[in-house]
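Ligands are counted one by one from 1 in listed order, and the atoms in each one are counted from 1 as well. Only heavy atoms go into these numbers, but all of them, side chains included; no hydrogens, no water, no symmetry mates.
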Amino acid sequence: MELVESIETRVSVRSFTEEDVPEKTVNEALRMAILAPSAGNLQSRDFIVVRNALSKKRLAKAAFGQAFVEEAPVVIVVCANLNRIRNYGTRGAQLYCLQDSAAAVEHILLYVVSQGFGSCWVGAFDEREVSKVLSIPDNIRPIALLPIGRPMKEGFHTSRLDASELVHREKW
Ligand SMILES: Cc1cc2nc3c(=O)[nH]c(=O)nc-3n(C[C@H](O)[C@H](O)[C@H](O)COP(=O)(O)O)c2cc1C
C-alpha cells in the first residue's frame, strides 16, 4: 500500500478478529517506529510488546474499561523516556519526549494499516496503573496503548474540520 493510501485508509479500529498478528509484523512495525524522527536523534521513546492475556486484561481496566485493549492479540505500549532526553531540560521532559513518542505511534499506526491490520491510539488510561501492570520504572511514561489486530469490521471515517478553519498562511 502506498503511503497516501495508508493515510487515507487508516481509521481507529476498536474490534478485532481472533486472528493473531505475526511477530514479524510486530517487529516490522517497531522498526518503522524507530525510524521516526526524534529531538536530537535521542530517540526518547521505548516500546513494550504485550501479548499476555492477564496483562492485557489489566491494561483494559487501567484504560477505564476499554475492552478492545484486551481483545486485540497484541498491544504495543509506547513510552516516553525522560532519561534519554534529560540534556534538553524542561523542554525535553515536557515536550520533546512526548513528540518523539507521538511520531513513533503514527508510524506504527500507518504501518499496520498497510499490512491489513488495524489499531487505535488509546491515550485515556490511568498512567500509574499502566506503569504498575508493566513494571515501568520511574522516568518512563506510558504515552499510548496501541491494540493491534485484524479488524472485525470495516472502520468508518470520522469527519474533519475544513482546512479553511485550521490553516493559517503567513500569520495566525
Ligand atoms: C492522543 C489521542 C488519544 C486517544 N485516546 C483514545 C482512547 O483512549 N480511546 C479511543 O477509543 N480512542 C482514542 N483515540 C482515537 C480518537 O478517538 C480518534 O483518532 C479520533 O476520533 C479520529 O478518528 P479516526 O482515528 O478513526 O480517524 C485517541 C487519539 C489520540 C490522538
Side-chain angles (χ1 to χ4, degrees), residues 1-18 21 25 29-30 32-39 43-50 55-82 85 91-134 136 140-167:
M1 206 186 270
E2 295 291 329
L3 177 62
V4 172
E5 198 186 346
S6 288
I7 292 172
E8 288 179 341
T9 305
R10 190 211 60 80
V11 293
S12 290
V13 172
R14 299 181 178 89
S15 64
F16 305 99
T17 69
E18 286 186 359
V21 180
T25 305
L30 293 167
M32 297 298 123
I34 291 165
L35 286 174
S38 65
Q43 303 164 63
S44 59
R45 57 198 170 211
D46 286 69
F47 308 92
I48 306 175
V49 179
V50 182
S55 299
K56 286 187 296 176
K57 192 185 178 76
R58 294 178 68 195
L59 287 180
K61 195 170 167 216
F64 312 113
Q66 299 190 71
F68 64 93
V69 172
E70 177 183 353
E71 286 155 14
V74 62
V75 180
I76 297 179
V77 181
V78 180
C79 301
N81 188 318
L82 281 86
I85 200 76
R91 202 164 168 78
Q94 292 182 355
L95 187 62
Y96 294 162
C97 62
L98 305 178
Q99 292 175 322
D100 289 2
S101 301
V105 167
E106 190 62 13
H107 278 205
I108 293 173
L109 294 180
L110 293 177
Y111 177 72
V112 302
V113 167
S114 77
Q115 302 304 301
F117 292 97
S119 185
C120 178
W121 183 327
V122 174
F125 55 81
D126 179 329
E127 195 172 315
R128 265 207 259 175
E129 196 52 38
V130 168
S131 294
K132 202 165 112 189
V133 171
L134 301 177
I136 295 173
I140 307 295
R141 290 186 64 190
I143 300 303
L145 313 180
L146 305 178
I148 301 168
R150 192 72 77 186
M152 175 85 90
K153 49 182 188 248
E154 227 173 86
F156 61 95
H157 281 88
T158 48
S159 63
R160 291 294 187 268
L161 297 172
D162 193 81
S164 61
E165 283 189 63
L166 302 170
V167 180

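- With hydrogens and angles disregarded, no donor-acceptor distance shorter than 3.5 Å links the side chain of T25 to the backbone of V21.
- For S38 (side chain) and Q43 (main-chain N/O), a donor-acceptor pair under 3.5 Å exists by modelled atom type.
- No hydrogens or angles considered: nothing links the side chains of S44 and N81 as a donor-acceptor pair under 3.5 Å.
- Expressed to the nearest 0.5 Å, how far CZ of F125 lies from CZ of F64 amounts to 9.0 Å.
- Here the side chain of D126 pairs a donor or acceptor atom with the backbone of E129 at under 3.5 angstrom.
- Protein residues are said to neighbour a ligand when one of their heavy atoms lies under 4.0 Å from it; for ligand 1 these are R10, V11, S12, R14, Q66, F68, C120, W121, V122, G123, A124, T158, R160.
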ask   = Does the pair D100 and I85 meet the rule for a side chain to side chain contact (heavy atoms under 4.5 Å, CB included), with working shown?
value = CA-CA 10 Å; D100 289 2; I85 200 76; 4.3 Å; yes

